Trainee: 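Could you have a look at this structure, given as structure tokens, before my questions?
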Amino acid sequence: MIIAVDGPAASGKGTIARALARHYGLPHLDTGLLYRAVAATVLRDELDPAQEADAVAATSFDDLLLADEWLRTDEVGKAASVSAHPLVRSALLQRQKRFAMQPNGAILDGRDIGTVIAPDADAKLFVKATPMIRARRRHAELQKCGSTVSLDRVLSDIRARDDRDSTREQAPLVAAPDAAVLDTSFLSVESAIQKAIALVEAQLARKRTTT
Ligand SMILES: Nc1ncnc2c1ncn2[C@@H]1O[C@H](COP(=O)(O)OP(=O)(O)O)[C@@H](O)[C@H]1O
Ligand SMILES: Nc1ccn([C@@H]2O[C@H](COP(=O)(O)OP(=O)(O)O)[C@@H](O)[C@H]2O)c(=O)n1
């Protein structure tokens with residue numbers, strides 16, 4: 001069984017995807033980390049994120065990098081706009097598809113899972129929340145890591161990233177037509193997880209009756 005979880009920054013998609021992975025006993029891939037690893041490699045090697053060839057060269061990063069806390073910083077998040085380069089996306093495509101095709105299935109979260117990576121997923125969620133609520137969540141996370149960045153700054157970064165992710169030509173951030181939309185703005189983590197499980201179950205039940 002493949003479950004696709006998409007949505008903008010700090011919507012809660014990672015929290016939900018991890019909970020679904022525990023609930024269904026499936027492996028989980030946070031695909032945003034792959035783009036963050038490319039961004040971190042570009043920054044570390046003093047390459048130019050705006051240059052597609054530089055960003056493509058950074059796609060052969062060492063997997064150990066995926067565990068590095070630096071990937072979660074604002075600095076790397078901003079440089080993750082390397083994801084707009086079509087050749088970066090195609091360099092990471094097979095890896096994500098392979099993860100999705102594991103024998104018992106998998107759960108992937110990102111921006112284009114339900115539309116590009118696993119268009120035939122058994123269940124698809126599109127997780128959203130208002131920009132201000134997402135900014136507050138991300139701000140709290142960054143503060144915990146010792147960052148002094150202001151809430152206003154985090155909000156404007158989130159808006160800029162939403163805009164870049166939604167308007168890029170290849171694999172833009174958009175809900176798949178068959179995805180269930182889950183707005184977590186006014187839900188606790190626990191209620192968001194319970195709603196997500198209910199939405200997945202409803203999609204699986206519908207699938208069973210039509211096949
Ligand atoms: N429903 C929720 N209510 C409050 N905080 C949440 C909720 N869902 C997630 N969070 C918190 O918001 C932050 C971002 O969540 P995360 O799942 O990492 O988002 P994403 O993967 O979409 O970037 C985390 O600190 C997480 O604990
Ligand atoms: N499937 C995906 C996942 C992430 N990304 C890109 O990678 C960046 C970082 O993703 P992320 O999921 O770690 O970001 P947050 O939502 O956690 O802030 C996003 O802003 C997207 O530009 C993407 O293009 N496609």
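Each ligand, and each atom within it, is numbered from 1 in the order the structure gives. All values reported here derive from a predicted model rather than from experimental measurement. Only heavy atoms go into these numbers, but all of them, side chains included; no hydrogens, no water, no symmetry mates.
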Trainee: Nearest protein heavy-atom contact for atom 19 (O) of ligand 1: which residue, which atom, what distance?
Mentor: Gly12 N, 3.3 Å

Trainee: Starting from atom 21 (O) of ligand 1, locate the nearest protein heavy atom and write down its residue, its atom name and how far away it is, to 0.1 Å.
Mentor: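 The protein heavy atom lying closest is Gly14 N, 2.9 Å.
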
Trainee: Would you please say whether a donor-acceptor pair under 3.5 Å links the side chains of Asp152 and Ser150?
Mentor: no

Trainee: With heavy atoms under 4.0 Å as the rule, classify the contact between Lys13 and ligand 1 as side chain, backbone, both or neither.
Mentor: both

Trainee: With distance as the sole criterion, is a donor-acceptor pair present between the side chains of Ser83 and Arg168 under 3.5 Å?
Mentor: yes

Trainee: Looking only at distances, please establish whether an N/O atom of ligand 1 is found under 3.5 Å from an N/O atom of Ile16.
Mentor: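 There is no such contact.
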
Trainee: Any side-chain heavy atom of Val200 sitting closer than 4.5 Å to one from Tyr24?
Mentor: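 In short, these two side chains touch, coming nearer than 4.5 Å.
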
Trainee: Just heavy atoms, cut-off under 4.0 Å: does Pro8 contact ligand 1 by side chain, backbone, both, or neither?
Mentor: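 Pro8 to ligand 1: backbone contact only, side chain stays beyond 4.0 Å.
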
Trainee: A side-chain contact here means heavy atoms from C-beta on lying under 4.5 Å apart; do Asp6 and Lys124 qualify?
Mentor: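 Asp6 vs Lys124: side chains apart.
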
Trainee: Can you tell if the side chain of His85 reaches within under 4.5 Å of the side chain of Pro49, non-hydrogen atoms only?
Mentor: no

Trainee: Residues around ligand 2, heavy atom under 4.0 Å from any ligand atom, sorted by chain and number. Can you pull those?
Mentor: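 If the criterion is a heavy atom under 4.0 Å, then ligand 2 touches Ala9, Ala10, Lys13, Thr31, Gly32, Tyr35, Arg36, Ala80, Ser83, Arg89, Gly110, Arg111, Asp112, Arg138, Arg161, Asp165, Arg168.
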
Trainee: Any N/O of Arg18 closer than 3.5 Å to an N/O of ligand 1?
Mentor: no

Trainee: Considering non-hydrogen atoms only, spot the tightest contact between Ala171 and Asp112 and give its length.
Mentor: CB-OD2, 3.6 Å

Trainee: Less than 3.5 Å between some nitrogen or oxygen of Ala9 and one of ligand 1, yes or no?
Mentor: no

Trainee: Can you see which heavy atom on Tyr35 is nearest to which on Leu92, and at what distance?
Mentor: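 Nearest heavy atoms, Tyr35 then Leu92: CE2-CD1, 3.6 Å.
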
Trainee: Which pair of non-hydrogen atoms, one from Ala9 and one from Asp162, has the smallest distance, and what is that distance?
Mentor: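 Shortest heavy-atom contact: N-OD1, 4.4 Å.
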
Trainee: To the closest 0.5 Å, what do you measure between NE2 (His139) and CG (Leu155)?
Mentor: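 His139 atom NE2 to Leu155 atom CG measures 11.0 Å (nearest 0.5 Å).
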
Trainee: Examine ligand 1 and decide if any of its atoms is less than 4.0 Å from a heavy atom belonging to Ser188.
Mentor: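 Yes, that is the case, since the closest heavy atom of the residue is under 4.0 Å from the ligand.
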
Trainee: What protein heavy atom is closest to atom 18 (O) of ligand 1, reported as residue, atom name and distance in Å?
Mentor: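 Of the protein heavy atoms, Glu141 OE2, 4.1 Å lies nearest.
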
Trainee: Is a side-chain donor-acceptor pair under 3.5 Å present for Ser147 with Arg153?
Mentor: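 Absent: no donor and acceptor within the cut-off.
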
Trainee: List ligand 1 atoms under 4.0 Å from Arg138, heavy atoms only on the residue side.
Mentor: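 Ligand 1 atoms under the 4.0 Å threshold to Arg138: 23 (O).
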
Trainee: Identify the closest protein heavy atom to atom 27 (O) of ligand 1: which residue and atom is it, and at what distance?
Mentor: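 Residue, atom and distance for the closest contact: Thr15 OG1, 4.2 Å.
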
Trainee: What's the shortest heavy-atom distance between Leu199 and Val181, and which atoms?
Mentor: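 Shortest heavy-atom contact: CD1-O, 4.3 Å.
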
Trainee: Considering distance alone, does some N or O of Leu187 sit under 3.5 Å from an N or O of ligand 1?
Mentor: yes

Trainee: How close do Leu65 and Ala40 get, counting heavy atoms only, and between which atoms?
Mentor: CD2-CB, 4.4 Å

Trainee: Of the protein's non-hydrogen atoms, which lies at the shortest distance from atom 11 (C) of ligand 1, and what is that distance?
Mentor: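 The closest heavy atom on the protein side is Arg137 CD, 4.1 Å.
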
Trainee: At the 4.0 Å heavy-atom cut-off, does Arg134 count as touching ligand 1?
Mentor: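 No, that is not the case, since the closest heavy atom of the residue is not under 4.0 Å from the ligand.
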
Trainee: Flag the pair Asp157 and Arg138 as a salt bridge only when some basic side-chain nitrogen lies within less than 4.0 angstrom of an acidic carboxylate oxygen.
Mentor: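 No.
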
